[in-house]
*Asks:* 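Structure below; questions to follow.
What's counted below: heavy atoms across the whole structure, side chains too, no hydrogens, waters or symmetry copies. All values reported here derive from a predicted model rather than from experimental measurement. First listed ligand is number 1; within each ligand, the first listed atom is number 1.
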Amino acid sequence: MDIKLTNSLTRKKEVFVPQDEKRVTMYVCGPTVYSYAHIGNFRPPVVFDVLNRLLRSKYGEDAVVYASNFTDVDDKIIKVANETGEPISAITEKYSKAYIEDSTALNIKQPDFRPTATAHISDMIEMMEKLERKKYAYRTDSGLWFHVKSMDDYGKLSGRNLDDMVAGARVEVDDEKRDPADFALWKVAKPGEPEEAIWDSPWGRGRPGWHIECSAMISKVLGKTIDIHGGGIDLQFPHHENEIAQSECAHGETMANYWLHNGFLDIESEKMSKSIGNVKIPHDMLKDAHGEVLRLALLSAQYRQPLDWTQALLDQCKATLDRAYGALRRVWDFDAVRVEDYGVVVALCDDLNTPQALAELSRLAGEANRAADANDQKAMAQAKADILFAGDLLGLLQSTPEEWEKGDDGDDAARIDALVQARLDARAAKNWAEADRIRDELAAEGIEIMDNAGGSTWRRA
Ligand code: AMP
Ligand code: ZN
């Protein structure tokens, strides 16, 4: 089945055609590792993890090369180093490690490559030399600058003209710039900046600008032209526009054929910000919430749409997973045979329609319950296979039902099992009052007991 993706470059939903089906390349801009990533930062890695899974299911596990970086040198990191007195490397190591731990809790498969900026300074310098030689870049006392007017189609990704860009005011201010929209490739170190953030270069001792990091790492790790480049919508301008400018002017080739941007996440209808005090950090949230609940919530809206993060959404996602695991539990003992349901694939192939895919997953949970009610063993085996297949594509239902119930409320599943057994024992002893009492006690907790020929099972209503 064709995978269709909305390409920000053409502003159209297009059939995805890779350059080489045996080597599909994808890059997603990663985090700047100077603090714990917030829940919004995890929307791109979760969304593109689903795409990574979908691509691998279509082209083969080894036919996809996915890279995502860590930005480990940057003004924000230097600021933290100055404030805390800690070495930059200690800060970036601490937060890279936490990021990988949190992504693992969110069932994000690690990318094939995780390049860091500081390990690619010489590649960046090489690329900047090329840009200077080709007259796309010029130097001043403060560093090396990319001259946007030297590129004919600068602005093609965001569709902005130069005046709009400058009006956006996110451009660096520097007296020596030829044009207000020109951006820094190399920044000469200012007095007092930590040695750890300073490298030698033909333009003086200093550090690279943010945009050149991705351009250089992409061409080094994946190649001059990649298939898919992703990131949050805030990166479309100037970051991605500038990545295109650098890479295409240096190499004379298209940088990426498909540009994908995810929409922003808000908290209870408000922008997430330190000043409002509503910044949600998975590193903390994961102490109370299961990673799959956070992941499901991140996938509850189609990736291009805004996502409103609310407590009600989290409660609903928890209930959805309880129900799915409850259904899976009832068919768990059957050998999953073959996969017939492609509903989830159809949904994901349509520009990663995750809300539709999740509706399909719920439908499959319903099928499992129906099969179990009817004690139809063939249908139960089928339902198990379908649910697990859908779960793998979405990166959900990666625990066993038992682990889920346990992680849920301690040894809840074992406790319920024991009560269900106690009721069976009471019935065997014809102690109907006790059997009914246990059934009512469980019903009060929302747990339904189902009797069948082989004994009793239970599920959460
Ligand atoms: P940063 O570390 O700020 O460069 O952000 C890392 C990634 O998170 C980028 O792809 C951003 O677009 C994305 N991002 C940041 N804030 C949000 C948000 N509130 N909602 C969705 N994505 C976000
Ligand atoms: Zn980038």
*Asks:* What protein heavy atom sits nearest atom 10 (O) of ligand 1, and how far away is it?
*Replies:* G232 N, 3.2 Å

*Asks:* For the residue pair R178 and Y138, would you count it as a cation-pi contact if the rule is NZ or CZ under 6.0 angstrom from the ring centre and within 45 degrees of the ring axis?
*Replies:* yes

*Asks:* Does ligand 1 come near enough to D234 that some N or O of the ligand is less than 3.5 Å from an N or O of the residue?
*Replies:*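 So ligand 1 has an N or O lying under 3.5 Å from an N or O of D234.
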
*Asks:* Does H38 come within less than 4.0 Å of ligand 1, judged by its heavy atoms?
*Replies:*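 Yes, H38 has a heavy atom closer than 4.0 Å to ligand 1.
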
*Asks:* Distance to 0.1 Å, residue and atom name: give those for the protein heavy atom nearest to atom 17 (C) of ligand 1.
*Replies:* F264 CZ, 3.3 Å

*Asks:* When you measure from atom 9 (C) of ligand 1 to every protein heavy atom, which one gives the shortest distance, and what is it?
*Replies:*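 Of every protein heavy atom, L235 CD1, 3.7 Å lies nearest to atom 9 (C) of ligand 1.
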
*Asks:* Cation-pi check for F70 against R114: NZ or CZ below 6.0 Å from the six-membered ring centre and within 45 degrees of the axis, yes or no?
*Replies:* yes

*Asks:* Decide if the gap between the ring center of F42 and the ring center of Y99 is smaller than 6.0 angstrom.
*Replies:*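 Ring-ring flag for F42/Y99: true, centres closer than 6.0 Å.
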
*Asks:* Give the residue and atom name of whichever protein heavy atom lies nearest to atom 23 (C) of ligand 1, and the separation in Å to one decimal.
*Replies:* G40 O, 3.3 Å

*Asks:* Side chain or backbone of N262 under 4.0 Å from ligand 1, or both, or neither, by non-hydrogen atoms?
*Replies:*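 Side chain only.
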
*Asks:* With a 6.0 Å cut-off (strictly less than), is the heavy-atom count around NZ of K4, excluding the residue itself, greater than 12?
*Replies:*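 12 or below, so no.
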
*Asks:* In E243, the N, O or S atom nearest to the Zn ion (ligand 2) is which?
*Replies:* OE2

*Asks:* Could you tell me if K280 sits above the aromatic ring of W309, with its cationic atom closer than 6.0 Å to the ring centre and no more than 45 degrees from the axis?
*Replies:* no

*Asks:* Going by the order shown, which atoms of ligand 1 are within less than 4.0 Å of some heavy atom of G263?
*Replies:*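 Near G263, the atoms of ligand 1 are 21 (C).
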
*Asks:* Can you tell which part of N41 has a heavy atom less than 4.0 Å from ligand 1: side chain, backbone, both or neither?
*Replies:*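 Looking at N41 and ligand 1, atoms from backbone and side chain both fall under 4.0 Å.
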
*Asks:* Would you say the ring centers of H211 and H240 fall short of 6.0 Å from each other?
*Replies:*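 Here the rings of H240 and H211 have centres that are no less than 6.0 Å from each other.
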
*Asks:* So which heavy atom in the protein is nearest atom 13 (C) of ligand 1, and how far is it from that ligand atom?
*Replies:*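 Going atom by atom, the protein heavy atom closest to atom 13 (C) of ligand 1 ends up being P44 CG, 3.8 Å.
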
*Asks:* G231 versus ligand 1: do any nitrogen or oxygen atoms come within less than 3.5 Å of each other?
*Replies:* no

*Asks:* When you measure from the heavy atoms of G230 to every atom of ligand 1, does any distance fall below 4.0 Å?
*Replies:*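 No; G230 lies far enough from ligand 1 that no heavy-atom distance drops under 4.0 Å.
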
*Asks:* Is atom CG of D62 surrounded by more than 12 heavy atoms (other residues, nucleotides or ligands) closer than 6.0 Å?
*Replies:*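 No, the 6.0 Å shell around CG holds no more than 12 heavy atoms from other groups.
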
*Asks:* Which atoms of ligand 1 are found less than 4.0 Å from any heavy atom of P31?
*Replies:* 2 (O)

*Asks:* Distance to 0.1 Å, residue and atom name: give those for the protein heavy atom nearest to atom 4 (O) of ligand 1.
*Replies:*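 Result: T32 OG1, 4.1 Å.
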
*Asks:* Distance only, no hydrogens: is a donor on one side chain within 3.5 Å (strictly under) of an acceptor on the other, for Q311 and D315?
*Replies:*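 Their side chains do contain a donor-acceptor pair, which is all the 3.5 Å distance test asks for.
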
*Asks:* Suppose we only allow N, O or S atoms; which atom of H239 ends up nearest to the Zn ion (ligand 2)?
*Replies:* NE2

*Asks:* Specify whether Y342 and F389 have parallel, tilted or perpendicular ring planes, treating 30° as the upper limit for parallel and 60° as the lower limit for perpendicular.
*Replies:*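 The rings of Y342 and F389 stand perpendicular, inter-plane angle above 60°.
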
*Asks:* Do Y258 and F16 have their ring centres less than 6.0 Å from each other?
*Replies:* yes

*Asks:* Give a yes or no on whether C214 keeps an N, O or S atom under 2.8 Å from the Zn ion (ligand 2).
*Replies:*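 Yes.
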
*Asks:* Just heavy atoms, cut-off under 4.0 Å: does L265 contact ligand 1 by side chain, backbone, both, or neither?
*Replies:* both

*Asks:* Can a donor-acceptor pair be found between the side chains of N69 and E213 at a distance below 3.5 Å?
*Replies:* no

